[in-house]
Amino acid sequence: MGIWYEGNLNKEENRHEENGVTFFVRGVRVVNGVRYERYAVKTHFIERGEDYVEVVRRYLSPLCQPGDVVTVSEKVISMCQNNTVEMKDVRVGFWAKFLSKFATHNHNGIGMDEPYKLQLAINMRGLPLILWASLCGAVCRVFGKRGVFYEIVGQDVAGIDGFYSHSAFETYHTLAVLNPKDPDKVCADIEKDTGIACILVDANDIDVEILGRAPSLVGRSEEELSDLIRDNPAGQDDELTPFVIVRDIGDREAMPYVPVEAIEGPADGK
């Protein structure tokens, strides 16, 4: 079951600044008996074509300590790689218009009920596979099993993000961001050039997907790494906090933290 919040997670009471970088305390999470404190780092809106190593160096090097793990939003890396598709370049056909009418509405972003996103999936994976996945998904939903469509079409389609007219950022109204290229290499490059151990994640208020990890983190399980941010401390609104520093604080006292109150369902009430 997902956890939803009303609006932005960046409460002023949790705001701090250190070495010229702003971050927000996101509270303590216990994973495998270890107490981890999380700090969501605020950045500028990262545009297409920026150097992700330099962005990491600018915002994380002044804050990170040895042993920290940093989670990096996949969207930021894809923007830096310019791995995107503009809406004007997607020509919506009959099947995308037709199948989108039967797709499940997604409260955590735009799903395949958006014809442009579905057409992009068709362009990427081919119409026969999308038709087969749609049929299997519809049949399985009757029996209470969800997510079959994405299991069949794969992570590349599942990772399409954008074409979202309600996004807090106008750029994403007409832009789709694809999964980052070579995510393990991205993490390796960051660790080599900055010394920062990071994981590349696709996270929302429902689930966390680990796309890549630094070489020093290969020995840690995907479940453990996902649990560090299972509550999605990066946020789902206009926080501009694509980096989350996760720090083992042992028995030390945690920083003061005022949590955002969760609501029972999606903020739009649907």
Side-chain angles (χ1 to χ4, degrees), residues 2-46 52 54-77 108 168 187 190-191 194-208 210 213-214 216-217 220-263 267:
I3 300 174
W4 288 273
Y5 302 92
E6 189 82 52
N8 191 301
L9 297 182
N10 293 347
K11 293 177 70 73
E12 188 62 28
E13 299 93 324
N14 300 322
R15 184 182 185 278
H16 297 267
E17 187 169 329
E18 185 175 322
N19 297 325
V21 179
T22 299
F23 67 94
F24 294 84
V25 177
R26 291 286 199 253
V28 172
R29 188 168 178 85
V30 179
V31 177
N32 295 336
V34 180
R35 297 172 68 243
Y36 294 95
E37 190 164 45
R38 289 85 50 79
Y39 317 101
V41 180
K42 188 175 178 65
T43 70
H44 66 286
F45 182 87
I46 296 170
Y52 57 79
E54 291 308 312
V55 172
V56 166
R57 197 189 314 276
R58 173 181 173 182
Y59 289 104
L60 294 175
S61 292
L63 298 178
C64 280
Q65 299 178 6
D68 287 350
V69 174
V70 174
T71 68
V72 178
S73 164
E74 92 293 352
K75 185 180 290 186
V76 162
I77 300 301
N108 290 278
C187 295
I190 290 173
E191 186 169 49
T194 68
I196 294 170
C198 67
I199 54 176
L200 196 52
V201 302
D202 181 0
N204 56 43
D205 293 337
I206 295 292
D207 199 13
V208 177
I210 305 294
R213 67 183 78 185
S216 63
L217 300 176
R220 300 180 67 168
S221 72
E222 183 171 323
E223 181 179 4
E224 176 193 2
L225 293 173
S226 297
D227 280 347
L228 297 174
I229 57 164
R230 187 68 67 185
D231 54 342
N232 193 22
Q236 201 73 14
D237 199 70
D238 60 349
E239 288 87 354
L240 282 177
T241 51
F243 305 131
V244 177
I245 299 172
V246 181
R247 181 170 298 160
D248 177 356
I249 62 170
D251 296 326
R252 298 195 305 274
E253 183 178 357
M255 297 180 70
Y257 170 61
V258 180
V260 175
E261 186 175 349
I263 60 177

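In this chain, residues are counted from 1 in sequence order.
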For Phe243, ring-ring contact (aromatic ring centres under 6.0 Å, His included) partners two or more places apart = none
Going from CG on Leu225 to CD1 on Ile199, what distance comes out if it is rounded to the nearest 0.5 angstrom?
-> 4.5 Å
About how many Å separate OG1 of Thr71 and CG of Asn232, when rounded to the nearest 0.5 Å?
-> 9.0 Å
So do Val41 and Val244 actually touch side chain to side chain, heavy atoms under 4.5 Å?
-> no
By ring-ring contact (aromatic ring centres under 6.0 Å, His included), which residues pair with Phe45, not counting sequence neighbours?
-> Phe169, Tyr172
Would you check if Val70 and Cys64 make a side-chain contact, meaning some heavy-atom pair closer than 4.5 Å?
-> yes
In Å and rounded to the nearest 0.5 Å, what is the CD1 to OG distance from Ile196 to Ser216?
-> 11.0 Å
Looking at OH of Tyr59 and NE2 of His44, how far apart are the two atoms once the value is rounded to the nearest 0.5 Å?
-> 5.0 Å
Going through the distances and angles, do Leu217 and Arg220 end up as a side-chain contact (heavy atoms from CB on, under 4.5 Å)?
-> CA-CA 6 Å; Leu217 300 176; Arg220 300 180 67 168; 4.0 Å; yes
Ion pair check, Asp202 and Lys75, cut-off under 4.0 Å | no
Leu63 side chain near Ile245 side chain, heavy-atom distance below 4.5 Å = yes
Under 3.5 Å, side chain of Thr22 to main-chain N/O of Lys42, donor-acceptor pair present?
-> no
Can any side-chain N or O of Arg29 pair as donor or acceptor with the backbone N or O of Tyr36 at less than 3.5 Å?
-> no
Taking all heavy atoms of Ala203 and all of Ile229, pick out the closest pair and write down the distance.
-> CB-CD1, 4.4 Å
Work out which heavy atom in Ala234 is nearest to a heavy atom in Thr241; give both atom names and the distance.
-> O-OG1, 2.7 Å
Kindly write out the residues that satisfy side-chain contact (heavy atoms from CB on, under 4.5 Å) with Val28, not counting sequence neighbours, or none if the list is empty.
-> Arg35, Glu37, Ile249, Ala254
Crowded around Glu223 CD? As in, over 12 foreign heavy atoms under 6.0 Å?
-> no
Please check if any side-chain donor atom of Asn10 sits under 3.5 Å from a side-chain acceptor atom of Arg26, or the reverse.
-> yes
Calculate, to the nearest 0.5 Å, the distance between atoms CD1 and CD belonging to Ile190 and Glu54 respectively.
-> 11.0 Å
Distance-minimising heavy-atom pair for Asp248 and Arg252 | O-NH2, 3.6 Å
Asn14 side-chain N/O to Phe24 backbone N/O, donor-acceptor pair under 3.5 Å | no
Report yes if some heavy atom in the side chain of Ile210 is under 4.5 Å from a heavy atom in the side chain of Leu200; otherwise report no.
-> no
What is the minimum heavy-atom distance between Cys187 and Ala214, and which atoms define it?
-> CB-N, 3.4 Å
Considering only heavy atoms from C-beta outward, does the side chain of Asp231 approach that of Pro233 to under 4.5 Å?
-> yes
Can you tell if the side chain of Pro242 reaches within under 4.5 Å of the side chain of Val72, non-hydrogen atoms only?
-> no
Would you confirm whether Arg38, through its side chain, and Leu228, through its main-chain N or O, come within 3.5 Å as a donor-acceptor pair?
-> yes
Asp237 side chain reached by Leu9 side chain, heavy atoms, under 4.5 Å = no
When every non-hydrogen atom of Ala197 is compared with those of Glu191, the smallest separation belongs to CB-OE2, 3.7 Å
side-chain contact (heavy atoms from CB on, under 4.5 Å) between Arg58 and Thr43: does it pass, once the steps are laid out?
-> CA-CA 9 Å; Arg58 173 181 173 182; Thr43 70; over 6 Å; no
Pairwise distance OH(Tyr39) to CZ(Arg247) - rounded to 0.5 angstrom | 4.5 Å
